[in-house]
Amino acid sequence: MVEVILRKDVADLGLAGEMVNVRPGYARNYLIPQGIALVATEGNRKRFEEERRQIEQSAEREREAAQQLAGELEGRAVSFVRRASEGGRLFGSVTAADIADELEKEGVAVDRRTIRLEDPIKDLGEHEVPVRVHMDVEPRLKVSVVAEE
């Protein structure tokens, strides 16, 4: 295991500023090249302490922007008209990309990767879909799928 200092929040790993142990390949191939982490040497610890204040301010601004976006998304409903069988099963599906495109038409820009659909929607009806706009901000969006006449 390698000890690294996180420069950004990483889901399921830790928050910016924490020192965590990760596998060497994960640190070497992803965290360090992406600028997400630093190897926890004495020099990097001192340098990071100076950066910590700036990172905390940046993280607070990101959290505030995420909460504002969450306020726009919470309770919002998007609907889709799709061809379906008599049993209510769709011939296609509604994906995260479809939801992101529909939200963009309504003036809300959301990355499709933040829409937490485990599987594409393949049934008619109302569905609640979480949107992870920040590590600790996850509003729910209502997705309605109705049959094409």
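Throughout, residue positions are numbered sequentially from 1 according to the sequence presented.
Distance check: Phe48 CZ to Leu6 CG gives 8.0 Å after rounding to the nearest 0.5 Å. Considering OG1 of Thr95 and CD1 of Ile115, their distance stands at 8.5 Å, rounded to 0.5 Å. The CD1 atom of Ile121 sits 9.0 Å away from the CG atom of Asp98 when rounded to the nearest 0.5 Å. Annotation: the span from Lys142 atom NZ to Glu74 atom CD amounts to 8.0 Å, rounded to 0.5 Å. Taken to the nearest 0.5 Å, the CG atom of Leu90 stands 11.0 Å off from the CD atom of Glu148. Within the model, atoms CZ of Arg140 and CD of Glu128 stand 5.5 Å from one another, a figure rounded to the nearest 0.5 Å.
Every residue meeting the salt bridge (Lys or Arg N to Asp or Glu O under 4.0 Å) condition with Arg76, not counting sequence neighbours, appears here in chain and number order: Glu106.
Applying the salt bridge (charged side-chain N to carboxylate O under 4.0 Å, His left out) test to pairs two or more places apart or on separate chains, those with a residue in residues 4-24 are Arg7-Glu51.
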Next item on the list: Could you please spell out the steps behind the side chain to side chain contact (heavy atoms under 4.5 Å, CB included) verdict for Leu103 and Leu141?
Entry: CA-CA 10 Å; Leu103 285 171; Leu141 180 69; 3.8 Å; yes
Next item on the list: Run the numbers on Val143 and Glu102 for side chain to side chain contact (heavy atoms under 4.5 Å, CB included), then give the verdict.
Entry: CA-CA 10 Å; Val143 178; Glu102 190 65 30; over 6 Å; no
Checklist line | Stepwise side chain to side chain contact (heavy atoms under 4.5 Å, CB included) check, Tyr26 with Val2 | finding: CA-CA 9 Å; Tyr26 185 48; Val2 175; over 6 Å; no
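Heavy atoms only, all atoms of each residue included: Asp136 and Arg63 are closest at OD2-NE, 3.6 Å. For the pair Val133 and Ala66, the tightest heavy-atom approach, listed with the atom from each and the gap, is CG2-O, 3.6 Å. The nearest pair of heavy atoms linking Glu138 to Pro130 is OE2-CB, 3.6 Å. In terms of heavy atoms, Ala27 sits closest to Pro33 at O-CD, 3.8 Å. Residues Leu117 and Ala96 approach most closely at CD1-N, 3.5 Å, considering heavy atoms. The minimum heavy-atom distance linking Asp111 with Thr114 is given by the pair O-OG1, 2.6 Å.
Val94 is listed as a side-chain neighbour of Ile99, based on a closest heavy-atom distance under 4.5 Å.
For Glu104, the CD atom sits in a loose shell: 12 or fewer heavy atoms of surrounding residues, nucleotides or ligands are nearer than 6.0 Å.
Salt-bridge formation is not detected for the pair Arg61/Glu64: no Lys NZ or Arg NE/NH1/NH2 atom is positioned less than 4.0 Å from an Asp or Glu carboxylate oxygen.
Linking Ile, Leu, Val, Met, Phe, Trp and Tyr whenever their side-chain heavy atoms come within less than 4.5 Å puts Val137 and Val110 in one cluster. Cluster membership check: Leu31 does not share its hydrophobic cluster with Leu15, using side-chain heavy-atom separations under 4.5 Å among Ile, Leu, Val, Met, Phe, Trp and Tyr. Note on Val108 and Val129: same hydrophobic cluster, where clusters join Ile, Leu, Val, Met, Phe, Trp and Tyr whose side-chain heavy atoms are under 4.5 Å apart, directly or indirectly. The hydrophobic cluster containing Val4 also contains Ile36, counting ILVMFWY residues as joined when their side-chain heavy atoms lie under 4.5 angstrom apart, directly or transitively.
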